[in-house]
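When reading the values below, keep in mind they use all heavy atoms of this one structure, side chains included, and skip hydrogens, waters and symmetry mates.
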Amino acid sequence: DIKYRQTEHISYTDQEWIHLPITTVETVFSIPVYLYQYLVGRAGQTMAVQSSKINKDYVIMLSALGNAWKEYNGPAHKKDFLKNKFINQTMRRYDEFVRFSLYSQKDFRLFDKTMTSRFPILKDYSNRLTIHKWGGEIPFIRIWRNPVLYTLYRVVRKILDLFLMLCYE
């Protein structure tokens with residue numbers, strides 16, 4: 001008994017249902033049958049572009065995954081599975097912020113503060129995220145968290161963008 005209790009009245013509960021009960025599985029096999037078709041782009045869906053915001057439901061779901069990982073007392077390989085799923089789901093939000101600017105600065109700062117205070121390991125993982133800029137890799141989240149570095153980054157970015165624009169006129 002894993003004492004699984006599905007979070008209710010929020011979106012994204014499928015992520016809990018996919019990842020948490022699997023710790024009880026001993027054997028897995030694949031059946032090439034589609035059981036579910038997610039219709040990306042349908043109005044009002046949580047994955048629609050207009051819904052792309054860090055909201056409390058996502059924080060609740062990620063926290064449930066993180067808590068399940070921290071509290072799991074079973075075999076190490078299953079605990080590692082929960083940790084990897086939690087880290088990967090959370091890092092996808094950071095990646096969406098860095099690469100696609102899907103979230104406002106204010107919303108994402110709240111998300112970052114909430115998640116890294118609950119799960120300090122996330123700070124190390126997210127600090128490793130880089131973007132390719134100006135011929136190299138830039139640790140964007142690490143810079144973004146530091147107000148002085150982030151201001152400097154924005155100034156340098158504007159100067160380099162202006163320089164490149166003038167070069168190609």
Side-chain angles (χ1 to χ4, degrees), residues 1-131 137 139-146:
D1 181 24
I2 62 170
K3 299 179 179 122
Y4 176 72
R5 178 159 166 76
Q6 182 73 43
T7 304
E8 298 178 11
H9 311 295
I10 67 164
S11 300
Y12 312 109
T13 55
D14 59 331
Q15 295 303 311
E16 289 180 31
W17 177 243
I18 291 167
H19 298 115
L20 301 183
I22 201 142
T23 58
T24 63
V25 172
E26 296 297 325
T27 304
V28 176
F29 63 95
S30 174
I31 301 173
V33 175
Y34 290 103
L35 297 176
Y36 180 69
Q37 183 178 1
Y38 198 89
L39 301 174
V40 175
R42 192 179 75 204
Q45 267 188 317
T46 55
M47 294 306 291
V49 174
Q50 60 271 30
S51 297
S52 293
K53 63 180 182 177
I54 294 292
N55 59 40
K56 67 179 176 87
D57 287 1
Y58 221 101
V59 171
I60 291 168
M61 181 276 295
L62 287 172
S63 294
L65 290 178
N67 289 333
W69 157 59
K70 284 173 47 175
E71 296 166 6
Y72 183 72
N73 293 322
H77 69 282
K78 291 183 179 184
K79 187 171 182 90
D80 287 344
F81 170 83
L82 290 174
K83 175 186 176 186
N84 290 335
K85 292 302 175 183
F86 166 64
I87 298 289
N88 289 341
Q89 285 290 326
T90 308
M91 289 306 102
R92 281 179 46 196
R93 304 296 75 76
Y94 282 91
D95 193 52
E96 290 167 352
F97 172 70
V98 170
R99 295 182 194 276
F100 308 113
S101 301
L102 289 183
Y103 317 115
S104 72
Q105 289 279 335
K106 179 182 173 189
D107 286 348
F108 203 74
R109 285 206 186 277
L110 179 61
F111 171 79
D112 181 58
K113 183 178 179 182
T114 301
M115 294 305 292
T116 56
S117 67
R118 290 179 185 173
F119 306 98
I121 192 172
L122 292 175
K123 197 163 200 170
D124 182 48
Y125 277 89
S126 57
N127 274 340
R128 296 181 208 164
L129 290 176
T130 61
I131 57 172
E137 297 292 318
F140 184 78
I141 295 295
R142 183 178 294 221
I143 291 169
W144 174 77
R145 283 190 178 120
N146 182 315

Exercise for the section: For side chain to side chain contact (heavy atoms under 4.5 Å, CB included), just list the numbers for R93 and M115, CA-CA rounded to whole Å, side-chain angles, deciding distance to a tenth of an Å, and then say yes or no. Expected result: CA-CA 11 Å; R93 304 296 75 76; M115 294 305 292; over 6 Å; no

Practice task
With sequence neighbours excluded, give me every side-chain hydrogen bond (donor to acceptor under 3.5 Å, both in side chains) pair touching residues 75-84.
Solution key: E26-K78

Handout entry: Intermediate values then yes/no, side chain to side chain contact (heavy atoms under 4.5 Å, CB included), I87 and I121
Key = CA-CA 9 Å; I87 298 289; I121 192 172; 4.1 Å; yes

Handout entry: side chain to side chain contact (heavy atoms under 4.5 Å, CB included) evaluation trace for L62 with Q89
Key = CA-CA 7 Å; L62 287 172; Q89 285 290 326; 3.6 Å; yes

Completion exercise
All heavy atoms of A68 vs all of L82, minimum pair found to be O-CD1, 3.9 Å

Problem - F119 and F86 aromatic centres sub-6.0 Å - result: yes

Exercise for the section: Could you give me the CA-CA distance, side-chain angles and deciding distance for W144 and F108, then say whether ring-ring contact (aromatic ring centres under 6.0 Å, His included) is met? Expected result: CA-CA 11 Å; W144 174 77; F108 203 74; 5.5 Å; yes

Practice task
Determine whether Y125 and I141 make a side-chain contact, defined as any pair of heavy atoms from C-beta on separated by less than 4.5 Å.
Solution key: no

Completion exercise
In this structure, OG1 of T130 is separated from CD1 of I143 (nearest 0.5 Å) by 10.5 Å

Handout entry: Residue pair R142 / L129, side-chain heavy-atom distance below 4.5 Å
Key = no

Problem - 4.5 Å side-chain heavy-atom contact, Q105 and R109 - result: yes

Exercise for the section: Scan side-chain atoms only and decide if N127 and R145 contain a donor-acceptor pair under the 3.5 Å cut-off. Expected result: yes

